[in-house]
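Start at 1 with the first residue, then count along the sequence.
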Amino acid sequence: MNRKDVSKLIGFSSDTLRYYERIGVIPPIKRDKNGYRDYRPVDLDWLFLVKCLKDAGLSMEALIEFAKLNQSGENEPAQKAILQEQLEKLNQKSAEMKRTRNLLEYKIDTFEDHIAKFKSGEMDADHVDELWKMDKFQVHKQK
């Protein structure tokens, strides 16, 4: 597969693909008889993994380290540790996003009721929901 097709499929620009190859995030891509890069399924799998890890927030330094470990074929425990660390970060971020989603849904669902309570004086600056105390908005309690 050529670079243009890979760019469309994976979502990296041609410049990004060349850059990632140059800095070692992706292994050197085999060339066809005319010298053009010829991406194989194994390359596409690697690029898809890199794209997902990058989208999930893995730093460029960690991507380079992970790629070098993978390409050397050594230190599989270190490779797995990088993936596990990223999974833990994603799980935490997911819990935080779930809390925020729950809060937004709550605020939308109760919006008119809260406005009415503030207008009637039933709620004021000293008498609010105390959102920080509600279980559904606590990250450590999310599953």
Side-chain angles (χ1 to χ4, degrees), residues 1-32 36-143:
M1 183 177 284
N2 67 35
R3 188 173 56 234
K4 183 179 177 182
D5 292 337
V6 171
S7 292
K8 288 179 185 175
L9 179 68
I10 302 296
F12 284 142
S13 70
S14 292
D15 289 339
T16 299
L17 291 170
R18 282 191 302 269
Y19 174 70
Y20 281 2
E21 186 177 357
R22 185 168 29 92
I23 67 171
V25 171
I26 59 176
I29 303 300
K30 291 193 180 206
R31 307 275 181 145
D32 66 15
Y36 295 108
R37 288 173 178 85
D38 185 21
Y39 293 86
R40 300 170 298 146
V42 68
D43 300 320
L44 298 176
D45 272 0
W46 184 258
L47 285 167
F48 183 76
L49 175 62
V50 167
K51 174 82 167 131
C52 289
L53 292 173
K54 185 178 180 318
D55 289 348
L58 195 66
S59 71
M60 190 58 68
E61 294 79 17
L63 278 171
I64 292 168
E65 178 186 354
F66 182 72
K68 285 181 180 177
L69 288 168
N70 182 274
Q71 291 172 35
S72 73
E74 298 176 11
N75 208 345
E76 288 91 0
Q79 292 177 56
K80 188 174 181 180
I82 290 171
L83 297 176
Q84 287 173 323
E85 180 181 334
Q86 189 60 30
L87 180 59
E88 289 170 16
K89 287 179 182 178
L90 280 174
N91 286 338
Q92 179 64 28
K93 186 70 171 174
S94 178
E96 292 166 0
M97 291 179 74
K98 184 175 181 183
R99 173 186 62 180
T100 302
R101 185 178 191 284
N102 288 344
L103 178 60
L104 289 172
E105 285 179 342
Y106 174 79
K107 294 299 282 181
I108 291 166
D109 291 346
T110 62
F111 189 83
E112 287 82 11
D113 185 50
H114 281 95
I115 296 297
K117 286 180 180 179
F118 272 102
K119 286 182 178 179
S120 72
E122 188 178 340
M123 289 180 89
D124 60 32
D126 294 321
H127 301 93
V128 294
D129 287 338
E130 299 184 347
L131 300 169
W132 67 93
K133 292 181 180 179
M134 294 183 180
D135 282 345
K136 64 180 164 183
F137 304 134
Q138 304 305 311
V139 170
H140 64 278
K141 294 185 182 199
Q142 298 294 318
K143 298 288 180 206

For atom CE of Met97, decide whether the heavy atoms of other residues, nucleotides or ligands shown that lie under 6.0 angstrom number more than 12.
no
Yes or no on side chain to side chain donor-acceptor pair (under 3.5 Å) for Glu88 and Gln84, after CA distance, side-chain angles and deciding distance?
CA-CA 6 Å; Glu88 289 170 16; Gln84 287 173 323; over 6 Å; no
Side chain to side chain, Leu63 and Leu53, heavy atoms closer than 4.5 Å:
yes
With rounding to the nearest 0.5 Å, note down the distance linking CG in Asp43 to CG in Leu17.
10.5 Å
Assign the ring pair Tyr20 / Phe12 to parallel, tilted or perpendicular, where the plane angle (0 to 90°) is split at 30° and 60°.
perpendicular
Taking the side chain as C-beta and beyond, is there a heavy-atom pair between Asp129 and Met123 under 4.5 Å?
yes
Are Asp5 and Lys8 ion-paired here, with the side-chain N under 4.0 Å from a carboxylate O?
no
Atom CG in Asp109, atom CG in Leu104: separation rounded to 0.5 Å?
10.5 Å
Heavy-atom neighbours of Tyr19 OH exceed 12 at 6.0 Å
no
Can you tell me if Arg101 has over 12 outside heavy atoms packed within less than 6.0 Å of its CZ?
no
Quick one: do Arg37 and Arg18 satisfy side-chain contact (heavy atoms from CB on, under 4.5 Å)? Show the steps, please.
CA-CA 10 Å; Arg37 288 173 178 85; Arg18 282 191 302 269; 4.0 Å; yes
Decide yes or no on side-chain contact (heavy atoms from CB on, under 4.5 Å) for Phe66 and Leu83, but give the supporting numbers first.
CA-CA 9 Å; Phe66 182 72; Leu83 297 176; 3.8 Å; yes
Show your reasoning for whether salt bridge (Lys or Arg N to Asp or Glu O under 4.0 Å) applies to Lys80 and Glu76.
CA-CA 6 Å; Lys80 188 174 181 180; Glu76 288 91 0; over 6 Å; no
Side chain proximity check, Leu47 to Tyr39, heavy atoms < 4.5 angstrom:
yes
Is there a donor-acceptor pair closer than 3.5 Å between any side-chain N or O of Trp46 and the backbone N or O of Val25?
yes
